[in-house]
Amino acid sequence: MCTDVSEALSNASLYNKAPFPKPTTTCLDNYEKYMSQDGYYREDSQAANDDEGGHSDSTEGHDEDDEIYEGEYQGIPRADSGKGSLAGGPGSVRAGAQQFKDVGVSEAERRKDQEELAQQYETILQECGHGKFQWTLYFVLGLALMADGVEIFVVGFVLPSAEKDMCLSEPNKSMLGLIVYFGMMVGAFLWGALADRIGRRQSLLISLSINSVFSFFSSFVQGYSTFLFCRLLSGVGIGGSIPIVFSYYSEFLAQEKRGEHLSWLCMFWMIGGIYASAMAWAIIPHYGWSFQMGSAYQFHSWRVFVLVCAFPCVAAISALSAMPESPRFYLENGKHDEGWMILKQVHDTNMRAKGHPEKVFSVTTIKTVKQMDELVDTGTDTPVWQRYRLKIMSLSQQVSENNILATFNPEYKRTTFMLMAVWFTMSFSYYGLTVWFPDMIKYIQKQEYESRTKTFTKERVEHVTFNFTLENQVHRQGHYFNDKFLNLKMKSMVFEDSTFEECYFEDITSTHTLFRNCTFIASLFYNTDLFKYRFVDCKLVNSTFLHNKEGCMLDFSDDFNNAYMIYFVNFLGTLAVLPGNIVSALLMDKIGRLRMLAGSSVISCVSCFFLMFGNSESGMIALLCLFGGISIASWNALDVITVELYPSDKRCTAFGFLNALCKLAAVLGISIFQSFVGITKAVPIIFAAGALAAGSFLATKLPETRGQVLQ
């Protein structure tokens, strides 16, 4: 009988990966006591180790004076102990390995452990309370979320200036506007999956570091392709912010605080938009914020703005370095001591801040989840590069099989597909409309500007010096003889079927200026930016170009008015979500996530039809603010419910996958909605309203998570 129990104890020792003493005459009693306590309580392990008559082959030769790892008392393996370290020779090791493989740790057992841990973890968070620690982490993670909000606005704000500085064509401008979304799509998928494998804090630090480095580089590079590459990698870095931040913060929040405080955290995305708008307004229109080294290297004010926009990310990295890893992540990965110490830190920090430093953290042991055998033996003779390759391949396989594909297991399949539909429809309509609004405002401005265009026909001008600004004019069939164009700015000028004879052009800066079917006879161009593409079907007879300007020269003289419309409109649109943020935070835990999500989506759907009445700048701005203020409650509820519908070992992966789908929908929405600017309002409105209606209907089919413990 004792032999059978000895085998059972050997299996249990291997299963928990901790040394366990051989059975004595009371082996059956000890075994039953050990198994009844799951091997996690210190007093039982201590009693077993205090038995002087019991010592196993695995601890043979162990010096009594050696330091004993504290985790041994809690059923956690020593950091330097291997998974296959068993008593006996090679035969017993192979037999033990086979036995371990046969017994294994099934997914059902892991799920049971996770459920037990979830219940106990909620009780521990109740004891820790909500106080100084959570508020400190709130501001730290808020900076990371703020950096994500800034990233969304950066390219849109610098594009009007960058297109001149880099001589961008229309296709290049479109690609620059969308490249950040492609980067964030890749980053959300990548960092979300890695956060469930290597930790929330570590993944977030790496992703933010990548964002800050390439944001810094992008402010200095001169070429379009290099700038595009830097913004792409910057987007890849910041893409991990949203999936990790919400998952990370939720694991420090008790049940009754979770919905409210995750909604408060969403406000930092709004603060990021306000910061970007304010900095753009203060920096970009001012030409003095720049320097240049000849005409080849130019550092204009918009590059200063790009540099300033990296500050929230750098601040988030510095602050996050002082914060601990999520204790829930440690416990899910069998690291009891690390998780326990962080929870004790949370408890002690909050109790001291509340004036109760005498309160003691009463939790001594916490349930940990049984681990799967995922180690890869690379051997000591394997080259270093091959070891890293094997580790990366192993990590990729684990992420693919245990995280990404696991979100489509039968248990989560329906939830995942429903959330995919809701995320896609909301993102398609929200991002499509928020980009369509400014484009419509620009189109209205353009129509108004073109209505003031002056047209001159068959004019003859001789021996005249032009040294003032020419703007918004069309000259047809004119004849200019011996005229001088000196220190001149040409804006939206068109010359058609005209002749320039013995004319002199010096120091010309032009924007939206074209010469169509014109003839230049014995004319001289010195230090101008009148490049070949400005001459359409023109004839040049004995005409000379000397010292043409390199690159595209920026003209800031009229940028203040443009900045007012671009930056101020975005500032108002971002600020308008404040009421929605406050309402959603106060009601999230009272009316539930589903009512908040579906109700806000329905109201947003109805508000879309008011867009038909937006025929002026002020009207479009007001509708933009209305739509943003209503729809933000849907986003807050969607973030909260996504966090709460998945277990901890799949939470960041699922959130990252859904956020990547969100960015894909954003790219599609922006591309489709922009194509209808100036053509019709009906199609974008119908698309947006239909998507929101479908999203609100599907949202009602999701399970309500209010009042549930965090899985």
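Position 1 is the first residue of the sequence; numbering continues from there. None of these values were measured; they are calculated from a predicted model.
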For atom [atom1] of [X], is the number of surrounding heavy atoms from other residues, nucleotides or ligands below 6.0 Å larger than 12?
| X | atom1 | value |
| --- | --- | --- |
| Lys354 | NZ | yes |
| Met341 | CE | no |
| Phe157 | CZ | yes |

Smallest separation among heavy atoms of [X] and [Y], with atom names:
| X | Y | result |
| --- | --- | --- |
| Ile641 | Pro703 | CD1-O, 3.6 Å |
| Pro647 | Tyr412 | CG-OH, 3.2 Å |
| Met270 | Leu575 | SD-O, 4.4 Å |
| His336 | Thr364 | CE1-O, 3.8 Å |
| Val150 | Pro312 | CG2-CG, 4.3 Å |
| Thr425 | Gly695 | OG1-CA, 3.3 Å |

Side-chain donor or acceptor of [X] paired with backbone N/O of [Y] under 3.5 Å:
| X | Y | answer |
| --- | --- | --- |
| Arg201 | Pro324 | no |
| Ser241 | Ile238 | no |
| Ser600 | Leu597 | no |
| Glu151 | Ala310 | no |
| Glu260 | Ala585 | no |
| Gln134 | Gly129 | yes |
| Ser675 | Ile672 | yes |
| Asn659 | Ala188 | no |
| Glu704 | Leu594 | yes |
| Ser247 | Ile244 | no |

For this session: Kindly say whether the aromatic ring centers of Phe673 and Phe428 come within a distance under 6.0 Å.
Result: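 Yes, they do, as the ring centres are separated by less than 6.0 Å.
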Problem set entry | Output field: ring centroids Trp635/Tyr430 closer than 6.0 Å |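 That pair passes the under 6.0 Å test.
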Exercise. Can you list the steps and then say if Ser631 with Ser604 is a side-chain hydrogen bond (donor to acceptor under 3.5 Å, both in side chains)?
Worked result: CA-CA 6 Å; Ser631 61; Ser604 299; 4.9 Å; no
With rounding to the nearest 0.5 Å, note down the distance linking [atom1] in [X] to [atom2] in [Y].
| X | Y | atom1 | atom2 | result |
| --- | --- | --- | --- | --- |
| Leu117 | Glu122 | CG | CD | 11.5 Å |
| Phe246 | Leu638 | CZ | CG | 10.0 Å |
| Ile342 | Ser326 | CD1 | OG | 7.5 Å |
| Leu125 | Gln120 | CG | CD | 11.0 Å |
| Met146 | Leu265 | CE | CG | 13.0 Å |
| Leu320 | Leu137 | CG | CG | 8.0 Å |

Exercise. Salt bridge (charged side-chain N to carboxylate O under 4.0 Å, His left out) between Glu116 and Lys367: does it pass, once the steps are laid out?
Worked result: CA-CA 7 Å; Glu116 294 178 10; Lys367 181 75 175 180; 3.4 Å; yes
Problem set entry | ring-ring contact (aromatic ring centres under 6.0 Å, His included) assessment of Phe655 paired with Tyr646 | CA-CA 9 Å; Phe655 207 131; Tyr646 290 94; 9.2 Å; no
In terms of the angle between their ring planes, are [X] and [Y] parallel, tilted or perpendicular, with boundaries placed at 30° and 60°?
| X | Y | result |
| --- | --- | --- |
| Phe676 | Phe687 | perpendicular |
| Tyr431 | Tyr181 | perpendicular |
| Phe139 | Phe268 | perpendicular |

Side chains of [X] and [Y], heavy atoms from C-beta outward: is any pair under 4.5 Å?
| X | Y | result |
| --- | --- | --- |
| Val180 | Arg231 | no |
| Arg706 | Arg593 | yes |
| Trp423 | Thr642 | yes |
| Ile317 | Leu205 | yes |
| Phe311 | Tyr275 | yes |
| Glu127 | Leu343 | no |
| Trp191 | Leu208 | no |
| Ile632 | Trp269 | no |

For this session: Start with the C-alpha distance between Asn636 and Ser263, add both sets of side-chain angles, then the distance that settles side-chain hydrogen bond (donor to acceptor under 3.5 Å, both in side chains), and finish with yes or no.
Result: CA-CA 6 Å; Asn636 292 358; Ser263 298; 4.6 Å; no
Exercise. Under 3.5 Å, is there a donor-acceptor pair between the Glu256 and Gln126 side chains?
Worked result: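 Looking only at side-chain atoms, Gln126 and Glu256 do form a donor-acceptor pair, the distance falling under 3.5 Å.
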Problem set entry | Pair Asp196-Thr653, side-chain donor/acceptor within less than 3.5 Å |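 There is such a pair between these side chains.
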Exercise. Going through the checks in order, is the side-chain contact (heavy atoms from CB on, under 4.5 Å) test met by Val236 and Met184?
Worked result: CA-CA 5 Å; Val236 171; Met184 294 175 79; over 6 Å; no
For this session: Sorted by first residue and then second, give each ring pair (Phe, Tyr, Trp, His ring centres under 6.0 Å) pair with at least one member in residues 108-131; sequence neighbours left out.
Result: His130-Trp135, His130-His261
Exercise. Yes or no on side-chain contact (heavy atoms from CB on, under 4.5 Å) for Met267 and Leu578, after CA distance, side-chain angles and deciding distance?
Worked result: CA-CA 7 Å; Met267 292 186 66; Leu578 179 61; 3.2 Å; yes
For this session: Run through Tyr249, Phe252, Tyr138 and flag the one making a ring-ring contact (aromatic ring centres under 6.0 Å, His included) with Phe133.
Result: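 The single option meeting the ring-ring contact (aromatic ring centres under 6.0 Å, His included) with Phe133 is Phe252.
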Problem set entry | Qualifying residue for salt bridge (charged side-chain N to carboxylate O under 4.0 Å, His left out) with Glu251, from Arg258, Arg328, Arg200 |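 Testing Glu251 for a salt bridge (charged side-chain N to carboxylate O under 4.0 Å, His left out) against Arg258, Arg328, Arg200 leaves exactly one candidate, Arg200.
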For this session: Show your reasoning for whether side-chain contact (heavy atoms from CB on, under 4.5 Å) applies to Phe329 and Ser648.
Result: CA-CA 7 Å; Phe329 171 79; Ser648 290; over 6 Å; no
Exercise. Under the ring pair (Phe, Tyr, Trp, His ring centres under 6.0 Å) test, which residues partner Phe657, sequence neighbours left out?
Worked result: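 Per chain and number, Phe657 pairs via ring pair (Phe, Tyr, Trp, His ring centres under 6.0 Å) with Phe408.
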For this session: Report the C-alpha separation of Leu586 and Lys590 in whole Å, then their side-chain angles, then the decisive distance to 0.1 Å, and conclude whether the side-chain contact (heavy atoms from CB on, under 4.5 Å) test is met.
Result: CA-CA 8 Å; Leu586 296 177; Lys590 292 181 173 61; 5.5 Å; no
